[in-house]
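Keep in mind that the numbers below use all heavy atoms, side chains included, and drop hydrogens, waters and symmetry copies. For clarity, every value in this text was computed on a predicted model and none was experimentally measured.
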Amino acid sequence: MMTKQEPLIDDEYTGEPPAKRLLAYLQSQREHGLRIVGIYCCYAPVELIRALDLVPASLCAFSNATIEAAEAVLPANLCPLIKSSYGFIMKDACPFFAVADAVIGETTCDGKKKMFELIADRKPMHVMDLPQLPDEPEAIDDWVAAIRKLRGFLESVFERTTTDERIEAAIRETNVKSRRLNEVFEYAALNPPVIGWPELYDALFLAQGASGADLAPILDGMLEKLEARKRDGYVYGPKGAPTVLVTGCPVGGDSLKVLHIIEEAGGVIVALDACSGMKPYAALIEEGTGDPIRAIAARYLKIPCSCMTPNDRRLTELDRLIEKFKPDAVVDVVLQACHSYNIESIKVGKAVQDKHGLPFLKVVTDYSQSDAGQIRTRVEALLEMCRR
Ligand code: SF4
Ligand code: SF4
């Protein structure tokens, strides 16, 4: 049975939305003289940013509060992540955008690309040309060229340069961070798990911006507490609860309703496979190649986003996650009007059901609460199937 446990990250932000902790971190970085670069995607090569003594900050927004303002300009049938992010900027209400000294975008989905055009006059901005056929032989060269171009942009805006040695050091730091986070994920893979999704989510949110060095003591503390939980026989969630892997679009803020509903319906989420979850840490960047930018390009090109075609790596990664976390069911969260994740859900559902024999539920949602009732009913039916 679950008993009350000490929070895994025990600080003044415990119990607060994780964005507060990250924002405080970014502000402290600024006070130490570091400059901030806003990013919108996992394809933004953070090692290059860090090698220039800059700090990356995700600008993806997850609040319903700014959607109405955004819809005065953007079409209503657009992904809420794009509308929310744009709405915050329109209203001058995004503290992350406010602290950013420059912004990086990528040519991922059409909605984001066109939104970038609308905010391009607000801050120095660079849009990276992301190859979307990752298996074509020229893709790697094109992506290397795009990363080199970004380097030129950042060096010019921030009037500084970096070296291959510094980029190599940033790669090593990312790898240490990824390994440590994967050690934390192991505690969700235990049967029964000893860590819950809100705790995983807190750590992952902070990891978006915190350097490996700053994150290390936090992860060390988490690992110590998790080991103690395991030793003490602590179980996260109700005993024998069905376990769930959540895949799909990035989630946060108001779209976390889906994760809350799964938990309230008696499920335990053991894996978060999205860019807001474990995906960025699924593989390491090759070290010591002599060409660190190419090593970064090779790793990033393998990120299995639905903007890629074909995106078979998503299914391979799903196989790995199902093998590791052994969920009883898979929930695919698709944000409304995200066509690529929506269409790809057909393949994901087929793989989950036919190959792994697991119940599968696709949830298309936005940031409002209007569909919470029907999501709850469908999640309850899914978990009921697991209990039979
Ligand atoms: S889902 Fe795709 S577009 Fe969105 S953050 Fe991840 S990699 Fe970028
Ligand atoms: S969730 Fe889909 S539509 Fe929305 S920003 Fe990401 S890739 Fe684009």
Quick test of your reading of the model: are [X] and [Y] salt-bridged, counting only N-O distances below 4.0 Å?
X: Arg50; Y: Asp214; value: no
X: Glu199; Y: Arg229; value: yes
X: Asp141; Y: Arg294; value: yes
X: Glu384; Y: Arg387; value: yes
X: Lys83; Y: Asp366; value: no
X: Glu323; Y: Arg320; value: no
X: Lys20; Y: Asp11; value: no
X: Arg378; Y: Asp371; value: no

Check [X] against [Y] and note the closest heavy-atom contact, atom names and distance.
X: Ser85; Y: Met115; value: CB-CE, 4.1 Å
X: Ala210; Y: Lys177; value: O-NZ, 2.7 Å
X: Leu358; Y: Asp328; value: CD2-O, 3.8 Å
X: Leu78; Y: Gly111; value: CD1-CA, 4.0 Å
X: Pro131; Y: Ala139; value: CG-O, 3.5 Å

Check: [Y] main-chain N/O paired with [X] side-chain donor or acceptor under 3.5 Å:
X: Lys362; Y: Gly349; result: no
X: Ser84; Y: Thr66; result: no
X: Glu173; Y: Gly212; result: yes
X: Lys257; Y: Ser368; result: yes
X: Gln336; Y: Pro80; result: no

Count the heavy atoms of every other residue, nucleotide or ligand shown that sit under 6.0 Å from [atom1] of [X], and state whether that count exceeds 12.
X: Glu136; atom1: CD; answer: yes
X: Glu68; atom1: CD; answer: no
X: Glu287; atom1: CD; answer: yes
X: Lys347; atom1: NZ; answer: no

Report yes if the side chains of [X] and [Y] come closer than 4.5 Å at any heavy-atom pair, otherwise no.
X: Phe153; Y: Leu150; result: yes
X: Ile36; Y: Leu54; result: no
X: Asp254; Y: Phe62; result: no
X: Val103; Y: Phe97; result: yes

* Qualifying residue, where the test is side-chain contact (heavy atoms from CB on, under 4.5 Å) with Arg180 and the options are Asn175, Leu223, Leu215, Ile218 -> Leu223

* Let me see the working for Arg21 and Glu12 under salt bridge (Lys or Arg N to Asp or Glu O under 4.0 Å), right down to the final yes or no. => CA-CA 8 Å; Arg21 182 184 284 116; Glu12 62 195 288; over 6 Å; no

* Side-chain donor-acceptor pair under 3.5 Å between Thr174 and Arg299, yes or no? ->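 Their side chains do not contain a donor-acceptor pair, so the 3.5 Å distance test is not met.
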
* **Exercise: do Tyr25 and Gln208 side chains pair donor with acceptor under 3.5 Å** =>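 Gln208 and Tyr25 do not have a side-chain donor-acceptor pair below 3.5 Å.
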
* **Whether Trp197 and His260 hold their rings parallel, tilted or perpendicular, with breakpoints at 30° and 60°** => perpendicular

